[in-house]
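Written below as structure tokens is the structure these notes are about.
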Number of protein chains: 2
Amino acid sequence: MKKKRITIKDIANVLSISPAAVSKALNDDSRISAKTKEAVKRVAKELNYQPNHLASALRRGKSNLVGVIVPKTNSNFFSSVIENIEAVLNKAGYNIIITQSNESFEKECKNIDTLLYTQVDGIIASMANETVDLSFYEKIKSKGIPLILFDRGENDLNVDYIGINDYESSHMIVNHLVERGCKRIAHIGGFKRTRIFNNRIKGYVDALKKHNLPLDNELLLESSLTTEDGRNKMLELLALENRPDAVYIAGDYASLGALQVLNEKKIKIPEDIALVGFGNEPFTAMVTPTITSVKQHSEEIGKLAAKSFLDHVEKTTVTQNLNKIILDAALIIRDSSKK
Amino acid sequence: MKKKRITIKDIANVLSISPAAVSKALNDDSRISAKTKEAVKRVAKELNYQPNHLASALRRGKSNLVGVIVPKTNSNFFSSVIENIEAVLNKAGYNIIITQSNESFEKECKNIDTLLYTQVDGIIASMANETVDLSFYEKIKSKGIPLILFDRGENDLNVDYIGINDYESSHMIVNHLVERGCKRIAHIGGFKRTRIFNNRIKGYVDALKKHNLPLDNELLLESSLTTEDGRNKMLELLALENRPDAVYIAGDYASLGALQVLNEKKIKIPEDIALVGFGNEPFTAMVTPTITSVKQHSEEIGKLAAKSFLDHVEKTTVTQNLNKIILDAALIIRDSSKK
DNA sequence: TATTTTTGCTTAATCGTTTAAACAAATATA
DNA sequence: TATATTTGTTTAAACGATTAAGCAAAAATA
């Protein structure tokens, strides 16, 4: 019942030549005559031959597969990054394997093992929120497999990184809010231990200082940045005796939660409290009022991450200098913070 | 500079036994002594041995990889289906490779080729809108590789299918709108050639008949169901002399476009025109007003698709009866159509 | 004690490709 | 014409695992 696989041997038999010649013909080896090549390709098509990737990858020691690890595909940012990684790598003859960590350290470790086991030629990853222990990433490095991080990265791991300038983005946001006339600007930040969120916090603190605004610790909250936690942290801020007049939230999903709370309590946005999110998820332009947010250039990040990988595999030289690319983000001003 | 790979041969050398014994020990073969197994596993750990998937897959003729093809990972429905497929398959020792067709027939064909080339053990797919030519799917079948379709499937391809009852869903929606008092119900449907959208249209037409409502052809439009096209089709409906008092749209993204148009024109939802979408994307609960939509049980669909694949590989019998599973969808009533 | 069965391993072939090395025939060079 | 080079192919050994078959030694059975 099972269909017999067509192999190069079958093609060789038809043409009465050796399998080696067939292999070389299919790979356009210069030492094979044009006539033979043509014949081989014709017969290959006739027999509906499909090369066996496992065999060639095993022999070549190269799978032409690249693993991608993201916290969730279900966000515009990550899905767009993936799309662009894929576009660049496909052109170079690579295919990608996408895995999700669901923000779980354990799942992320499993994913790494799976990818290594599948013999990927490289890994492009954005780390889960939970991840503190870097030993699994060290494992990738120790195998000599190119590792490229984007968005969620770690300085300690001395690897290529593509991301945006989080520190500077916070400055942009605070500048914008100050210009609007806001004086008590709160910040619902992500986990401090995650580098990008820590940088956003630092940027926020320094920007306040720059504008001679006092830093009020009750206005600086740490959050998991889910919609649910956005709601909770917003409620905390509203419970304060001295409410903020603007809230900068380090993630769009959390900013959505905050927006819902403000709408429910009939607090006017941006008149009473202005709102700024982060990530420029499509829904920020869909909700009422639309939410000001920061665009992270997902297309660019995806392309650069892929190119960074290609640099590694194509460069045979030992002069492997690290690619650390920091892009400038763009503030997309919408109704939630308009003048 | 490159790290030498550790193979079973290295382990064998350390223990002065044969590579075959090592392989069997690692696979818990009953003919290997407990002592040897223990020693092998200890040394494997010490040397940080990672099995070479390519080699074992080649030899076994089984890659333990399952390919997944979806139009876009960037929708809650598909990302949730994928998550659940993965959960079930991981438990059974399989890993998945996710690919996106971006609703393009050409890309979908490429994805199929990639997956076949990677020697996946099975393919779970949801077809692109564009896809009419089924020859690439026939190719999968002709190779004897299990193929399971979900959501977007085709009856002609005689394969397993998991989806919801689209025809019945339309009835549910029309019933709900009629109950609300609506008399002129419009339908912005997907492409007729896509089976699921065609079923929704049929359900709409029959439900109108059931309620003795006239079928007005200017109220039945065909759409690509993007946000942009949702806007355009809504504008078409508003241009009618005799406007509808309810619009049932076969996709949430298009319903969002329609909602934007109605909001811009200050047409009251649901008082002037009620709105119902399809898919229960999270944003339907985020926008103002929230949009009534149909929940497709993505978790269930994902799990069932994975189980269906496992059925195929585990069943060695020839009695392979087809799994055609049709789930009942659930109508989630929100502000856009509340009484 | 002699014979059979079980246990625990080894040998060698195999999966489908690639590729270094060998080699004959054709062509170029001296 | 003799020698060197190029061309087009074959042979055979990999890649790293699995596995059928074989074979001693140990244990069980008669």
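Each chain gets a letter, A, B and so on, in the order its sequence line appears, and its residues count up from 1.
A donor N or O paired with an acceptor N or O is found under 3.5 Å between the base of D/dT10 and the side-chain atoms of A/K24.
Neither OP1 nor OP2 of D/dG16 sits under 4.0 Å from any side-chain N or O of A/Y117. In this structure, A/S18 reaches the D/dT10 phosphate: one of its side-chain N or O atoms is under 4.0 Å from OP1 or OP2.
In plain terms, the two heavy atoms of B/F150 and B/Y161 that are nearest each other are C-CE1, 4.0 Å. Of all the heavy atoms in A/A128 and A/S104, the pair that sits closest is CB-N, 3.9 Å. Residues A/K107 and A/N102 come closest through the heavy atom pair NZ-ND2, 4.3 Å.
Residue A/S56 is in sugar-phosphate contact alone, with no base atom involved, counting any heavy-atom pair closer than 4.0 Å across all strands shown. At the heavy-atom level, A/L54 lies nowhere under 4.0 Å from the strands shown. Across all strands shown, A/I8 has heavy atoms under 4.0 Å from base atoms, whether or not it also approaches the sugar-phosphate.
Classified by interplanar angle (parallel below 30°, tilted 30° to 60°, perpendicular above 60°), the ring pair A/Y117/B/H53 is tilted.
In this structure, the side chains of B/I112 and B/K139 stay at 4.5 Å or more apart for every pair of heavy atoms. At a threshold of 4.5 Å between non-hydrogen side-chain atoms, the residues B/F309 and B/I85 do not count as touching. Within the 4.5 Å cutoff, the side chain of B/I325 has heavy atoms near those of the B/L327 side chain.
At whole-Å resolution of the value, NZ in B/K35 and C1' in D/dA26 are 13 Å apart. When the P atom of D/dA17 is taken as reference, atom CD of A/Q119 falls 9 Å away, rounded to whole Å. If you take CG of A/N27 and P of D/dT9, they are 15 Å apart, rounded to a whole angstrom. Counting to the nearest Å, the C1' atom of D/dG8 and the CD atom of A/E38 are 16 Å from each other. Distance, B/D29 CG to D/dT19 C1': 9 Å, rounded to whole Å. Between the P atom of D/dG8 and the CG atom of A/L26 lies a distance of 17 Å, rounded to the nearest Å. The distance between atom CG of A/D28 and atom C1' of D/dT7, rounded to the nearest whole Å, is 16 Å.
Taken together, the paired segments of DNA chain C that extend over three or more consecutive Watson-Crick or G-U pairs, each closer than 3.5 Å at both contacts, are C:1-30 with D:1-30.
Within a 6.0 Å sphere centred on CD of B/E46, heavy atoms belonging to other residues, nucleotides or ligands number more than 12. The number of heavy-atom neighbours closer than 6.0 Å to NZ of A/K110, taken from other residues, nucleotides and ligands shown, is 12 or below. Within a 6.0 Å radius of CD in A/E38, other residues, nucleotides and ligands contribute 12 heavy atoms or fewer.
Reading DNA chain C from its 5' end, the first and the last nucleotide to sit under 4.0 Å from a heavy atom of chain B are C/dT7 to C/dG16.
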Quick test: give all pairs of protein nitrogen or oxygen and nucleotides 13-15 of chain D nitrogen or oxygen below 3.5 Å, distance rounded to 0.1 Å.
| from | atom 1 | to | atom 2 | distance (Å) |
| --- | --- | --- | --- | --- |
| D/dA14 | N3 | A/R59 | NH1 | 3.0 |
| D/dC15 | O2 | A/R59 | N | 3.4 |

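Using a cut-off of 4.0 Å between Lys/Arg side-chain N and Asp/Glu carboxylate O, B/E103 and B/R152 are scored as salt-bridged.
B/M127 pairs in a side-chain contact (heavy atoms from CB on, under 4.5 Å) with only one of the listed residues (B/L134, B/I69, B/T194, B/V70), which is B/L134.
With the nearest nucleotide of DNA chain D identified for both B/R31 and B/P51, B/P51 has the one nearer the 5' end.
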